[in-house]
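Data block below; observations after.
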There are 2 protein chains.
Amino acid sequence: MTLDPLDERIIGILGRDGRRSYARIGHEVGLSAPAVKRRVDRLLDTGAITGFTVVVDETRLGWQTDAYVELYCTGQPQPGQLARDVGRVPEVVSACTVTGDADALLRIRARDVRDFERVLDELAQLDYVARTKTTLVLSHLVDRPRPDSRKNGSR
Amino acid sequence: MTLDPLDERIIGILGRDGRRSYARIGHEVGLSAPAVKRRVDRLLDTGAITGFTVVVDETRLGWQTDAYVELYCTGQPQPGQLARDVGRVPEVVSACTVTGDADALLRIRARDVRDFERVLDELAQLDYVARTKTTLVLSHLVDRPRPDSRKNGSR
DNA sequence: CCTGAAACGTCGACGGG
DNA sequence: CCCGTCGACGTTTCAGG
């Protein structure tokens with residue numbers, strides 16, 4: 001699966017403003033609105049684009065506690081089971097298996113520290129979880145939806 | 001800053017489909033399209049909503065290496081300087097200061113392992129960076145744009 | 001908050017490079 | 001194959017109630 005430079009520019013523009021009209025995008029990249037739509041539709045079909053979403057300020061919406069939690073497990077839980085189990089906890093916003101000592105690394109968003117403790121308890125009760133290690137997020141320095149693919153020369 | 005239950009539902013819908021029309025949203029929550037637009041505009045004004053974006057499958061677009069990098073620094077670099085420095089590296093998709101031994105935790109998206117090594121070198125050359133510790137992501141289990149705020153009763 | 005009407009955007013069908 | 005133009009339809013947006 002390979003991307004046209006025009007596709008990359010379109011994705012870049014949609015990354016900065018997911019609701020920009022096809023006509024405006026076309027004007028910026030030198031295509032007509034239908035041509036842009038056809039490309040976006042194709043990108044959706046092939047799965048390169050998986051959807052559109054709103055970006056919210058989590059902290060302002062009351063999710064004040066942000067943390068990474070490493071999971072140390074007994075044995076090797078099936079990745080499928082692990083995914084299902086942690087996916088059931090709504091405060092888990094991301095989870096992945098990783099190299100290193102821990103078996104999985106979770107990103108948690110909780111209302112406050114008290115709420116976070118409850119989530120941690122919930123995770124510790126999964127029978128294959130031996131222990132957890134928490135790293136609290138203090139301040140956010142950078143947050144991008146995706147890597148910047150312009151070929152460096154900005155600034 | 002407090003949110004109406006209607007605002008929460010609207011944000012929830014936009015989270016699942018950031019391009020859904022105000023008319024359809026209005027139909028789902030029991031408002032007219034202009035009423036929905038006014039709410040979304042207000043949420044944008046107050047900063048609760050910071051924008052709209054496209055969701056892409058990074059792996060399919062050629063960003064095959066995903067890793068967490070802990071930064072250990074000499075002294076306490078100013079958070080502002082750190083943010084500026086790591087923000088200049090396009091492969092850094094997120095960065096935050098954290099509790100624990102490390103001073104900062106970065107999320108990196110690189111084209112491949114070779115590309116990742118280059119990024120790591122770039123980070124190591126910042127003069128206040130003493131050492132780094134990499135954790136490679138193996139497989140993604142969960143990935144949500146934000147915590148699920150439905151009050152648990154699903155499944 | 002809703003309703004209406006004008007401006008705007010979307011999206012299929014069609015023809016040309 | 002991918003592009004552009006056109007026209008019908010849906011949506012946004014602002015006025016007024």
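The chains referred to below are lettered A, B, ... by the order of the sequence lines, with proteins before strands, and numbering in each begins at 1.
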If you link I, L, V, M, F, W and Y whenever their side-chain heavy atoms are under 4.5 Å apart, who else ends up in the same group as A/L138? none
May I ask you to list the residues sharing a hydrophobic cluster with A/V93, side-chain cutoff 4.5 Å, ordered by chain and number? none
According to salt bridge (charged side-chain N to carboxylate O under 4.0 Å, His left out), does anything in residues 71-83 of chain A pair up with another residue at least two apart or in another chain? List the pairs. none
Show every salt bridge (charged side-chain N to carboxylate O under 4.0 Å, His left out) that has at least one partner inside residues 24-35 of chain A, sequence neighbours left out. A/R20-A/E28
From A/V56, A/L61, A/V55, residue fulfilling side chain to side chain contact (heavy atoms under 4.5 Å, CB included) relative to A/E58: A/V56
Sequence neighbours left out, what passes salt bridge (Lys or Arg N to Asp or Glu O under 4.0 Å) with A/R144? Give chain and number order. none
Hits for salt bridge (Lys or Arg N to Asp or Glu O under 4.0 Å) against A/D7, two or more places apart or cross-chain, chain-then-number order -> A/R39, A/R42
Output one letter per nucleotide in nucleotides 10-17 of chain D: B when a protein non-hydrogen atom lies under 4.0 Å from the base, S when only the sugar-phosphate is that close, - when neither is. -SSBB---
Can you give me every donor-acceptor pair (side chain of residues 126-134 of chain A, partner residue at least two apart or in another chain, under 3.5 Å) with its distance?
{"unit_1": "A/Y128", "atom_1": "OH", "unit_2": "A/D85", "atom_2": "OD2", "d": "2.7"}

Whole-Å distance, A/L31 CG to D/dC1 C1', equals 15 Å
Whole-Å distance separating the CD1 atom of A/I25 from the P atom of D/dC3: 14 Å
For B/Y68, the ring pair (Phe, Tyr, Trp, His ring centres under 6.0 Å) test, sequence neighbours excluded, returns A/Y68
5' to 3' on DNA chain C, which nucleotides open and close the contacts with chain B (atom under 4.0 Å from a heavy atom)? C/dC1 to C/dT3
Within residues 11-61 of chain B or reaching into it, pairs that qualify as ring pair (Phe, Tyr, Trp, His ring centres under 6.0 Å) - sequence neighbours excluded: none
End axis versus end axis in the helix from C/dC1-D/dG17 to C/dG17-D/dC1, the angle rounded to 10°, five pairs used at each terminus: 30°
Pick base, sugar-phosphate or nothing for A/G26, based on heavy-atom distances below 4.0 Å to the nucleic acid. nothing
